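Heads up, the thing below is written out as structure tokens.
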Amino acid sequence: MAYNFNEIEKKWQQRWRDDRTYRVTENSEKEKFYVLNMFPYPSGAGLHVGHPLGYIASDIYARFKRLQGYNVLNPMGYDAYGLPAEQYAIQTGQHPAITTQQNINRYREQLDKIGFCFDWEREIKTCDPEYYQWTQWAFIKMFNHYYDNKAKCCKPISELVDILAKEGSAGIDAACTEELEITAEQWNTMNEKEQQETLMNWRIAFLNETMVNWCPMLGTVLANDEVVDGVSERGGYPVVQKKMKQWCLRVSAYAQRLLDGLDRIDWSDSIKETQRNWIGRSEGTEMKFHVKESDVEFTIFTTRADTIFGVTFMVLAPESELVQQLTTDAQRADVEAYLDRTKKRTERERMIDRNVTGVFTGSYAINPITGEEIPVWVSDYVLAGYGTGAIMAVPAHDSRDYAFAKHFGIEIRPLIEGCDVSEESFDAKEGIMTNSPTAAFAGCKLNLNGKTVKEAIAATKQFVTENKLGRVKVNYRLRDAIFSRQRYWGEPFPIYYKNGVPYTVPEEYLPVELPEVEKFLPTESGEPPLGHAKVWAWDTVNNCVTEKSKIDNETIFPLELNTMPGFAGSSAYYLRYMDPRNHQALVSTEADNYWQNVDLYLGGAEHATGHLIYSRFWNMFLFDIGASVKEEPFQKLVNQGMIQGRSNFVYRIKDTNTFVSLNLKKDYDVTPLHVDVNIVSNDILDIDAFRAWRPEFADAEFILENDKYICGWAIEKMSKSMHNVVNPDIIVEKYGADTLRMYEMFLGPLEQSKPWDTNGIDGCHRFLRKLWNFFFDKEDNLIVTDGEATKEELKSLHKLIKKATDDINQFSYNTTVSAFMICANELGTLKCTNRSVLETFIVVLAPFAPHICEEIWEALGHNTSVCDAQWPAFNEEYLKEDTIKYTISFNGKARFTLEFAADATNADIEATVLADENSKKYIDGKSIKKVIIVPKKIVNVVI
RNA sequence: GCGCCUGUGGCGAAAUUGGUAGACGCGCCAGACUUAGGAUCUGGUGUUUUGCGACGUGUAGGUUCGAGUCCUAUCAGGCGCACCA
């Protein structure tokens, strides 16, 4: 019988379930290896052929490592909270928990068909109370810690309270929202509420009135990485800036450690670079400027301290509190009008429209070094959230300042020898400084003339520091993460409010479970959906959730109405897999010590600035409090490329129901329409299927070429709306999971994006059928023979072992698949039937095509799984050749080949070549400069 | 604008890291077995030339006995950040 993949795959998938083949337990005898995929959000559309790419790749690696004797953890779960299920709930009233579970079931069914070695007994779902208990727990820990900049780690907030009570804030160097100066006396006279509000300034998880990305259509705020081009990542709705009180995580406290950590992990350069960009470290100087005829002083941040003599105006961000203080009465009306206008513009509008706008405040600042008076302006090209929200403008050496100065006719004062600023600014950090105003301002002691820019920056820094005019400062672009979402389908906060002050639910009473609501929409008074919950108050006596109607603000208090964002549950899930059913801790010390962190993490590169930053931050925090043994969660990261869809088009002649074939369409006025790729084969449309596809096409007419309707095509993202989704189930049914696995790997380099194209899949399928025929004849009799393998067979086999071992280690799976085919071709030519050779082949192939290998393995008489076989050792002896062919070149031009004994020395080879009749023809009496012999390859004679 | 990556047959792609291109698969051509094949097997397949040969890794230079690989410039495509001072 032929290779019956459907039957074989069903059989082995069942067997693996029954035997719990892929269950893992901590085993100190064996070395661990932790493989992890970014867990999926179970969307309603199910899996398409792009999803399994990473799972297959990691599955191969996991199986490979297991064969090499490692104890491999390869778990799977679901990122189950998210917007689509909630949007669906709003539309249909269906509870998101139900939709989500249905989607999970569908995913599981599809995943099972591909034959992964996941340990499903460790499955987690982020919406499961047993899981989110630990998300809430981590949040409480963050609430109760602050970040000590000197110690470079976080510490309990109680220690900060002690310091405040004894010494005030003077000695505190901690990550904070704003620099506060509080004496011990002030602190001690504060009431409870004031103290709590003050502590918010330092907590890692803190409540803050902040500018947020508000998406009115979604009715919620979004994190920076959830906003793309000024619209929401999900849905593409407009996003506006709005000031709101929100929970935040002080991610910025960890900016330097997040940056430093990148040097210790094995990630691709491009992802590291993206993270470095996102963190955006910049080293510069903070300088204090006094305001003329006023007590007010303000600080600016600059990386170009050397340009202090070129400052001809100052600019404040419109949102800066200084604007109100510095606006003179004469200018107030103009400034107010400007602020109004700015406020109305969305982020997106500000991004598109880069016309120079601004208004003068009426105040003048004093240059701290020269004493010169400088006008202070307001303009929205200065961002409130970066640096101090105020800048010193140097139009000669900054293009934005230059545009502003040109527009408002402000002086442009060049400071670098020979630079031309008549047309544009000179932004480069190079050249020799000039124009230091030593004469104009006799009091000025700083002279930068003749220094390079680099030297001048250093000199200015030193001068500013020594004269206490400011300080050296490092700034980061990385902002704190906004952690509140005005949504239903997310983790509830373990927070209740007493007298308007947030308090955490005691850890031992977690989880605080998500309450039921009647509606998933915001309330009429504009509260988030949890405002509809009837049972949503905290009873501090019985430590439980109770009816809202019982709130008395004595012992029963209102609970937080916001929920946590998507990244909350996905930030530490890898730890939970180590010990998923633990009720006492996120992860037991034993499990954490054994599994440590993820050795190989696979997922899409699109998470570079979201999940992969939050997750590192979250884990560093857990590391600081001793809940995780490793500072970095993911040691090696591989980003699989996206599988794009190949869409097909039909061309409808305008205002008709007639469709014209691709190469004839130029004669008509046509509208291209996406057509379901499943009714198109090799770009030829199945016309009957098309008529049946949609009612409006039932009586469609066609203009054919060669009796066929040829469709157009394009490479696009695989999505429902483009009708280009290919379901893996269909491939599995037609070719089998093993073929799908081999083919997805064969398609090209793992990290590259590539379009899905079934055109080559037959090659992989043919290979497996051929393999089957090595073992069985037409009547299913095993036809392998015992005995010694021949030299050629062993050579071919060991070439494969070497190639497979090397390539799998480098995730070069496409070349590994090629190596299998080459070896099978060679063994076929050799008519190999040798049991030991073929058996070893099966072991090496097992990670790629586990079902067929199990079946053959069993037929060969083994009563254990091929998963528990041993990865074969490579033996160089078999690859040795008796003779080696050398290409003989003269002056780099290949001429002919000669064969030598494998152990011939260079001297032998040289002598033979020079004595050779052929060679003499090329040398022809000319003198030989040298003879280059590349081992086993080439002899090049230079004449 | 800044940073990163990629560019090789009709197509997906290889190339032991500087060693004399195009492995493997698809497609195509020819042949065999077939009533037939979109099944299977065998052989061929970068361009050009009848042939020896010549030319070929986006383009133009350079280093080298030798360059797809290194250097310089340039073009094209992709990704990330983007009024970050």
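Proteins come first, then strands; the chains are lettered A, B, ... in the order of their sequence lines, and each starts at number 1. It should be emphasised that the depicted structure is a prediction, and the values quoted were computed from it without experimental measurement.
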Who passes salt bridge (charged side-chain N to carboxylate O under 4.0 Å, His left out) against [X], sequence neighbours left out?
X        : answer
A:Asp688 : none
A:Asp266 : A:Lys636
A:Glu423 : none
A:Asp806 : A:Lys802

Side-chain N,O (A:Gln752) to OP1/OP2 (B:A13) below 4.0 Å: yes
Taking Watson-Crick and G-U wobble pairs with both distances under 3.5 Å, convert RNA chain B into its dot-bracket string, 5' to 3', dots for unpaired and | for cross-strand pairs. (((((((..(((......[....)))((((((.......))))))(((....)))..(((((..]....))))))))))))....
Per-nucleotide protein contact string for nucleotides 19-30 of chain B, where B marks a base within reach and S marks sugar-phosphate only (heavy atoms under 4.0 Å, - for neither): BB--BBSS----
A:Phe5-A:His765 aromatic ring centre distance below 6.0 Å: yes
Can you tell me how far P in B:U8 sits from the matching atom in B:G77, rounded to whole Å? 14 Å
Gap between atoms [atom1] and [atom2], on [X] and [N] respectively (whole Å):
X        : N     : atom1 : atom2 : value
A:Lys754 : B:C5  : NZ    : P     : 19 Å
A:Lys929 : B:C65 : NZ    : P     : 8 Å
A:His607 : B:G80 : NE2   : P     : 13 Å
A:Leu262 : B:G80 : CG    : C1'   : 14 Å

Under a 4.0 Å heavy-atom cut-off, which of residues 271-282 of chain A touch RNA chain B? A:Glu273, A:Thr274, A:Asn277, A:Trp278, A:Ser282
For A:Ala57, give me all partners under side chain to side chain contact (heavy atoms under 4.5 Å, CB included), at least two apart in sequence or on another chain. A:Leu602, A:Met745, A:Leu750, A:Tyr813
Mind checking side chain to side chain contact (heavy atoms under 4.5 Å, CB included) for A:Glu286 and listing every partner two or more places apart, or none if nothing turns up? A:Thr299, A:Phe301, A:Thr388, A:Arg471, A:Lys473
Mind checking what makes side chain to side chain donor-acceptor pair (under 3.5 Å) contact with A:Gln256, not counting sequence neighbours? A:Asp260, A:Arg281, A:Tyr476
With a non-hydrogen cut-off below 4.0 angstrom, is A:Pro749 in contact with a base, only sugar-phosphate, or nothing? sugar-phosphate
Anything under 3.5 Å between a donor and an acceptor, one on a side chain of residues 815-824 of chain A, the other on a protein residue two or more places apart or in another chain? List them.
| unit_1 | atom_1 | unit_2 | atom_2 | d |
| --- | --- | --- | --- | --- |
| A:Thr815 | OG1 | A:Asp807 | OD2 | 2.7 |
| A:Thr815 | OG1 | A:Ser812 | O | 2.9 |
| A:Thr815 | OG1 | A:Ser812 | OG | 2.6 |
| A:Thr816 | OG1 | A:Ser812 | O | 2.8 |
| A:Ser818 | OG | A:Asn814 | O | 3.4 |

Which residue pairs pass the salt bridge (Lys or Arg N to Asp or Glu O under 4.0 Å) test when at least one of the two sits in residues 299-316 of chain A, sequence neighbours left out? A:Arg304-A:Asp306
A:Trp377 vs A:Phe404 aromatic rings, parallel, tilted or perpendicular, using cut-offs 30° and 60°? perpendicular
